[in-house]
Amino acid sequence: MSSNQYLADVYSRRQYYLDRYNRHQALQLKEYISEAITAAYKLYRDENLTEWSKERLAARMTGLKSVLSDIYRDFPDDFVKNTGELIQEEFDFTSQALSKAVAGNFTAAVPNLDIAKQIITAKPLKLTSKLHDIPDAISKYTEHQQRKIITTVQAAAEESVTLEEMKTRLASVGVDATDEAERLARTINNHVVTEARTEILRENDDVLDGWRAVATLDSRTTPICASLDNRVFGWNDPKPPFHWGCRTSMSPSVSQQYNRNITGTRAAKGASGKTEQVNANLSYETWLRRQPAEFQKDTLGPGKYELFSKHQLPMEKFVDYNHKPLSLREIRERNGITLAEPA
């Protein structure tokens with residue numbers, strides 16, 4: 001196989017490692033969430049808030065906000081510390097992968113780590129529809145979680161709910177907060193890895209012709225990432241994360257004159273539910289078309305499955321020119337497909 005097939009292999013494996021890393025980081029962040037939930041429940045139980053007047057309740061909520069602020073104080077520092085370590089890891093990983101993939105006696109150049117950390121941390125990433133740098137994104141998350149806890153406690157007090165009901169409500173808030181923490185970790189870490197990878201690839205652009213999008217081959221991959229998989233892009237093109245919780249990564253694309261013969265495969269999880277190795281050059285669309293019909297339907301949904309199978313529409317037709325998902329109606333209209341007449 002080629003250098004690029006080998007690189008698609010190692011970066012697919014790298015993404016699985018990063019998925020585990022993100023889950024581990026979310027578990028660390030969960031400790032903050034658990035402490036905050038416990039503090040809120042303790043206040044509700046000890047102060048018997050159902051008997052407090054609105055004025056005194058407001059004062060207690062101010063006190064709770066102060067307690068939560070203290071709990072979450074170290075949250076950003078811990079997150080940013082992990083980010084710095086991840087940049088170092090990515091520099092090491094990418095330099096080793098490039099040095100092995102490029103023909104000849106090649107040693108990858110590595111940028112200054114301290115300068116790169118400053119650039120990457122300040123580089124904005126898109127969360128929902130807004131751009132944030134990493135410290136701001138973390139701050140928005142902690143503020144949001146504190147508001148949810150305070151709102152939950154205040155509403156429960158005004159409704160005079162029981163301790164058991166309060167525990168249930170706060171447990172639900174904790175589950176949601178943990179899920180959001182994992183999505184936050186995944187999105188920020190993917191951003192960090194992409195920017196770190198970009199920094200080192202630019203240092204070695206004399207042997208590269210761009211970067212290749214590598215989507216995860218499983219049923220959770222979005223139409224956005226599926227449509228971009230295995231395509232080569234330039235340095236100024238949009239890069240992962242392409243959406244909230246994105247798992248697509250970027251792989252170096254070695255220029256033909258520096259190609260070498262080297263083996264490589266790619267991890268995939270299809271209808272069997274087991275992770276297997278497939279040809280590293282296989283695109284998401286080709287892989288999905290080889291899966292059973294029911295797996296395709298579960299992955300795409302009935303409407304898009306019909307367009308994908310019956311009308312043989314490629315995945316790139318499921319998104320617009322800015323790689324935003326299209327509705328079923330928009331896909332049909334853009335491709336001149338009418339609904340079948342009822343029998």
Has the side chain of Gln296 got a donor or acceptor atom that lies under 3.5 Å from a matching backbone atom of Leu288? yes
Distance check, rounded to the nearest 0.5 Å: Ser95 atom OG versus Asn204 atom CG? 9.0 Å
Does Phe93 share a hydrophobic cluster with Leu113, counting links as ILVMFWY side-chain heavy atoms below 4.5 Å and allowing steps through other members? yes
Could you walk me through whether Thr152 and Met166 pass side chain to side chain contact (heavy atoms under 4.5 Å, CB included), step by step? CA-CA 8 Å; Thr152 299; Met166 182 73 258; 3.8 Å; yes
Main-chain N/O of Val110 paired to Glu203 side chain as donor or acceptor, under 3.5 Å: no
OG1 of Thr83 to CD of Glu195, rounded to nearest 0.5 Å, is 12.5 Å
Under the criterion salt bridge (charged side-chain N to carboxylate O under 4.0 Å, His left out), I'd like the reasoning laid out for Arg334 against Glu330: C-alpha separation, chi angles, the key distance, then a yes or no. CA-CA 6 Å; Arg334 291 181 180 221; Glu330 290 172 328; 5.6 Å; no
Does Ser3 offer a backbone N or O that forms a donor-acceptor pair with the side chain of Asn259 under 3.5 Å? yes
Could you tell me whether a side-chain N or O of Ser253 sits under 3.5 Å from a main-chain N or O of Arg212, the two making a donor and an acceptor? no
List the atom pairs, donor and acceptor, that lie under 3.5 Å between side-chain atoms in residues 36-43 and the rest of the protein, sequence neighbours left out.
residue: Thr38; atom: OG1; partner: Ser34; partner atom: O; Å: 2.8
residue: Lys42; atom: NZ; partner: Asp46; partner atom: OD2; Å: 2.9

Distance-only, no hydrogens or angles: does the Trp235 side chain make a donor-acceptor pair with backbone N or O of Gly210 under 3.5 Å? no
Using a strict threshold of under 4.0 Å (side-chain N to carboxylate O), is an ion pair present between Arg220 and Asp19? no
Between Glu285 and Arg289 (salt bridge meaning N to carboxylate O under 4.0 Å), is one present in this structure? yes
Quick one: do Tyr21 and Asn82 satisfy side chain to side chain contact (heavy atoms under 4.5 Å, CB included)? Show the steps, please. CA-CA 10 Å; Tyr21 176 89; Asn82 290 336; 3.6 Å; yes
Euclidean distance, Ile200 CD1 relative to Asp205 CG, rounded to 0.5 Å: 12.5 Å
For residues Thr222 and Cys225, determine if any side-chain heavy atom of one lies less than 4.5 Å from a side-chain heavy atom of the other. yes
Going by ring-ring contact (aromatic ring centres under 6.0 Å, His included), name the residues that satisfy it together with Phe242, two or more places apart in sequence or in a different chain. none
Do you know which of Asp209, Val254, Asp9 makes side-chain contact (heavy atoms from CB on, under 4.5 Å) with Asn4? Val254
Verify same cluster id: Tyr6, Val214 (apolar side-chain graph, 4.5 Å): no
Validation row: Pro111, Phe91 side chains within 4.5 angstrom (heavy atoms): yes
With salt bridge (charged side-chain N to carboxylate O under 4.0 Å, His left out) as the test, would you mind laying out the steps for Asp218 and Arg247 before giving the verdict? CA-CA 11 Å; Asp218 64 18; Arg247 296 177 297 151; 2.8 Å; yes
Measuring centre to centre across the rings, with the benzene-like ring taken for any Trp, is Phe295 within less than 6.0 Å of Tyr305? no
Does Asn112 use its side chain to pair, donor to acceptor, with the backbone of Ile115 at less than 3.5 Å? yes
Taking C-beta and beyond as the side chain, do Ile134 and His191 meet within less than 4.5 Å on heavy atoms? yes
Answer yes or no: does atom NZ of Lys123 have more than 12 heavy-atom neighbours from other residues, nucleotides or ligands under 6.0 Å? no
For residues Leu307 and Phe318, determine if any side-chain heavy atom of one lies less than 4.5 Å from a side-chain heavy atom of the other. yes
Roughly how far, to the nearest 0.5 Å, is the CG atom of Asn230 from the CH2 atom of Trp287? 14.0 Å
Salt-bridged, Asp70 to Arg73, with N to O below 4.0 Å? yes
So which atom in Ala137 and which in Leu184 form the shortest heavy-atom distance, rounded to 0.1 Å? O-CD1, 4.3 Å
For the hydrophobic clusters of this structure (ILVMFWY residues joined by side-chain heavy atoms under 4.5 Å, transitively), does one cluster hold both Ile33 and Tyr44? yes
Is a donor on one side and an acceptor on the other found under 3.5 Å between the side chain of Ser219 and the backbone of Thr299? no
Using the ring of each side chain (for Trp, its six-membered ring), is Phe75 parallel, tilted or perpendicular to Tyr141, with breaks at 30° and 60°? parallel
Within the structure provided, determine whether Ile331 and Leu313 are in side-chain contact (heavy-atom separation under 4.5 Å). yes
Exercise: do Thr94 and Tyr11 side chains pair donor with acceptor under 3.5 Å: yes
Hey, is Glu90 close enough to Arg14 for a salt bridge, meaning N to O under 4.0 Å? yes
Keeping the roles fixed (side chain from Asn190, backbone from Thr248), state whether a donor-acceptor pair exists under 3.5 Å. yes
Measure from the side-chain N and O atoms of Arg197 to the backbone N and O of Met250, and report whether any donor-acceptor pair falls under 3.5 Å. yes
Please examine the side chains of Thr198 and Lys239, heavy atoms only from C-beta on, and report whether any two atoms are closer than 4.5 Å. yes
Under the side chain to side chain contact (heavy atoms under 4.5 Å, CB included) rule, what do Ile87 and Val193 come out as? Steps first, then yes or no, please. CA-CA 7 Å; Ile87 293 170; Val193 166; over 6 Å; no
Counting heavy atoms not belonging to His311, are there more than 12 under 6.0 Å from its NE2? yes
Would you give me the side-chain donor-acceptor pairs under 3.5 Å for residues 169-179, sequence neighbours excluded?
residue: Arg169; atom: NE; partner: Glu165; partner atom: OE2; Å: 3.0
residue: Arg169; atom: NH1; partner: Glu159; partner atom: OE1; Å: 3.3
residue: Arg169; atom: NH2; partner: Glu159; partner atom: OE1; Å: 2.7
residue: Thr178; atom: OG1; partner: Gly174; partner atom: O; Å: 2.9

Under the 6.0 Å and 45° cation-pi test, does Arg260 pair with Phe106? no
With rounding to the nearest 0.5 Å, note down the distance linking CZ in Arg147 to CG in Leu68. 12.5 Å
State whether the number of non-hydrogen atoms from other residues, nucleotides or ligands found under 6.0 Å of Lys304 atom NZ is greater than 12. yes
Do side-chain atoms of Ser283 reach the backbone of Asp229 as a donor and acceptor pair under 3.5 angstrom? no
Distance-only polar pair, side chains of Ser69 and Gln146, donor-acceptor under 3.5 Å: yes
Electrostatic pair Lys148-Glu180, nearest N-O below 4.0 angstrom: yes
Take Tyr72 and Glu143, measure what side chain to side chain contact (heavy atoms under 4.5 Å, CB included) needs, and give me the verdict at the end. CA-CA 9 Å; Tyr72 278 108; Glu143 290 171 4; over 6 Å; no
Ignoring hydrogens and angles, state whether a donor on the side chain of Tyr32 or Asp78 is under 3.5 Å from an acceptor on the partner side chain. yes
Under a 3.5 Å threshold, yes or no: a donor from one side chain and an acceptor from the other, between Asn189 and Gln25? yes
How far does CG of Leu18 sit from OG of Ser249, to the nearest 0.5 angstrom? 8.0 Å
In short, Tyr284 meets Thr221 closest at the heavy-atom pair CE1-CB, 3.6 Å
Between Ile119 and Val192, is there shared hydrophobic-cluster membership here, with clusters defined by ILVMFWY side-chain heavy atoms closer than 4.5 Å? no
Single-linkage hydrophobic cluster, 4.5 Å side-chain cutoff, Leu27 and Ile138 together: no
